[in-house]
Amino acid sequence: MSSITIRTAVAADKPGWVDLWQGYLTFYGSAIGPEVTETTWSRITDPIVPVFTRLAIVGDKPVGFATCILHPRTWAIEPACYLEDLFVDETMRGRGIGRRLIDDLIAMGQRDGWTNLYWHTNSGNETARRLYDRYDKADDFVRYRLPLKG
């Protein structure tokens with residue numbers, strides 16, 4: 001396998017990202033409208049918006065992504081980073097790509113002074129949890145999601 005490069009997504013990466021994004025949505029059994037996909041990509045590539053995506057590239061093809069939101073905190077001066085979406089193409093799994101993406105974010109956070117990097121996953125996502133448990137154990141917080149849109 002070619003070496004893996006981790007880098008920030010740029011406008012030219014859209015076709016490869018869209019393919020991965022569709023795989024991610026399929027994995028979670030989700031369907032969203034094309035306007036959401038377009039808006040998400042627009043946010044990822046807008047330098048003013050605090051959303052960014054790091055891509056795992058093999059050869060010249062994106063094979064995984066980590067999409068994050070950097071945000072201020074009320075309990076610290078420095079920002080925190082929420083890893084909202086992490087996905088690796090199913091044909092490329094088991095090669096350490098997910099770990100490389102997380103390690104890349106950890107290095108960015110240490111360099112840029114983030115207070116923490118955090119994420120969540122479905123409790124039944126055992127494959128992802130095996131990776132995540134290598135970094136830290138899940139905490140005891142319970143998440144609530146109150147829909148505000150009909």
Side-chain angles (χ1 to χ4, degrees), residues 1-34 36-47 49-73 76 78-145:
M1 180 172 88
S2 301
S3 65
I4 301 163
T5 302
I6 308 294
R7 64 168 174 75
T8 298
V10 296
D13 293 316
K14 184 178 180 182
W17 175 84
V18 168
D19 288 344
L20 289 170
W21 179 249
Q22 293 304 321
Y24 178 68
L25 296 174
T26 299
F27 176 82
Y28 277 107
S30 297
I32 59 171
V36 175
T37 296
E38 286 299 317
T39 299
T40 299
W41 180 252
S42 175
R43 289 174 177 160
I44 287 168
T45 56
D46 185 336
V49 177
V51 175
F52 66 93
T53 292
R54 301 289 284 171
L55 291 175
I57 307 291
V58 173
D60 61 354
K61 180 181 179 188
V63 297
F65 66 81
T67 299
C68 301
I69 302 169
L70 196 60
H71 65 88
R73 299 191 57 210
E78 303 82 9
C81 184
Y82 172 49
L83 171 54
E84 186 165 15
D85 305 308
L86 178 72
F87 182 73
V88 174
D89 183 284
E90 67 180 60
T91 65
M92 300 300 288
R93 292 186 189 148
R95 301 175 191 202
I97 295 169
R99 181 183 344 224
R100 290 278 307 273
L101 285 162
I102 293 172
D103 288 347
D104 174 71
L105 293 171
I106 291 168
M108 287 179 68
Q110 290 170 336
R111 180 194 72 210
D112 295 344
W114 305 342
T115 58
N116 64 316
L117 171 65
Y118 67 101
W119 62 87
H120 63 264
T121 192
N122 291 335
S123 61
N125 190 347
E126 294 176 9
T127 301
R129 292 186 70 186
R130 276 193 300 278
L131 170 62
Y132 301 157
D133 285 347
R134 292 179 181 177
Y135 291 95
D136 200 0
K137 296 297 176 196
D139 60 28
D140 61 350
F141 278 82
V142 177
R143 185 178 72 157
Y144 296 87
R145 293 179 56 133

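One-based numbering along the sequence shown.
Residues meeting the ring pair (Phe, Tyr, Trp, His ring centres under 6.0 Å) test with Tyr28, sequence neighbours left out: Tyr24.
Nearest heavy atoms, Ala138 versus Asp133: N-OD1, 4.3 Å. For Ile57 against Pro62, the heavy-atom pair with the smallest separation is CD1-CA, 3.7 Å. Minimum heavy-atom separation, Cys81 to Cys68: SG-CB, 3.5 Å. Nearest heavy-atom pair, Val88 versus Gly98, reported as atom, atom and distance to 0.1 Å: CG2-N, 3.7 Å. Closest approach of Leu101 and Arg54 over heavy atoms only: CD2-O, 3.7 Å. Summarising the geometry of Ala66 relative to Leu83, their closest heavy-atom pair is CB-CD1, 3.8 Å, with the distance given to 0.1 Å.
How far CG of Leu55 is from OG1 of Thr5: 11.0 Å, rounded to the nearest 0.5 Å. Thr40 OG1 to Glu84 CD: the interatomic distance, rounded to the nearest 0.5 Å, is 8.0 Å. Distance check, rounded to the nearest 0.5 Å: CD of Glu78 to CG of Leu70 gives 11.5 Å. With rounding to the nearest 0.5 Å, the separation of CG in Asn125 from CZ in Arg130 is 9.0 Å. Separating the CD1 atom in Ile97 from the CD1 atom in Ile4 is a distance of 4.5 Å, to the nearest 0.5 Å. The CD1 atom of Ile69 sits 8.5 Å away from the CZ atom of Arg43 when rounded to the nearest 0.5 Å.
The shortest side-chain heavy-atom distance between Val10 and Thr45 does not fall under the 4.5 Å cut-off. Between Ile44 and Thr67 there is a side-chain heavy-atom pair separated by less than 4.5 Å. Contact of the Thr121 side chain with the Tyr132 side chain is registered, since non-hydrogen atoms from C-beta on lie closer than 4.5 Å. Using a 4.5 Å heavy-atom cutoff, the side chains of Thr37 and Trp21 are in contact. Annotation: side chain of Phe87 is in contact with side chain of Arg93 (closest heavy-atom distance under 4.5 Å). Using a 4.5 Å cut-off on side-chain heavy atoms (C-beta onward), Leu105 and Phe52 make contact. Residues Asp85 and Phe65 have side chains in contact (heavy-atom distance under 4.5 Å, counting atoms from C-beta outward). Counting heavy atoms from C-beta on, the side chains of Phe27 and Glu90 never come closer than 4.5 Å.
The stretch residues 6-26 participates, sequence neighbours left out, in these salt bridge (charged side-chain N to carboxylate O under 4.0 Å, His left out) pairs: Arg7-Asp13, Lys14-Glu38.
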Check the pair Asp103 / Tyr135 against side chain to side chain donor-acceptor pair (under 3.5 Å), numbers first and verdict last.
CA-CA 10 Å; Asp103 288 347; Tyr135 291 95; 2.6 Å; yes
Check the pair Arg100 / Arg95 against side chain to side chain contact (heavy atoms under 4.5 Å, CB included), numbers first and verdict last.
CA-CA 9 Å; Arg100 290 278 307 273; Arg95 301 175 191 202; over 6 Å; no
Before giving the answer on side chain to side chain contact (heavy atoms under 4.5 Å, CB included), spell out for His120 and Phe141 the whole-Å C-alpha distance, their side-chain angles and the decisive distance to 0.1 Å.
CA-CA 10 Å; His120 63 264; Phe141 278 82; over 6 Å; no
Decide side chain to side chain contact (heavy atoms under 4.5 Å, CB included) for Arg99 and Ile102; before the verdict, give the C-alpha distance in whole Å, the side-chain angles of both, and the deciding distance to 0.1 Å.
CA-CA 5 Å; Arg99 181 183 344 224; Ile102 293 172; 5.9 Å; no
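More than 12 heavy-atom neighbours from other residues, nucleotides or ligands sit within 6.0 angstrom of CG on Asp139.
Between the Asp89 side chain and the Thr91 main chain, a donor and an acceptor come within less than 3.5 Å of each other.
No side-chain N or O of Asn116 forms a donor-acceptor pair with one of Tyr82 less than 3.5 Å apart. Under the 3.5 Å distance criterion, with hydrogens and angles disregarded, a donor-acceptor pair is assigned to the side chains of Arg73 and Thr115. Using modelled atom types and a 3.5 Å distance limit, the side chains of Thr53 and Trp17 yield no donor-acceptor pair.
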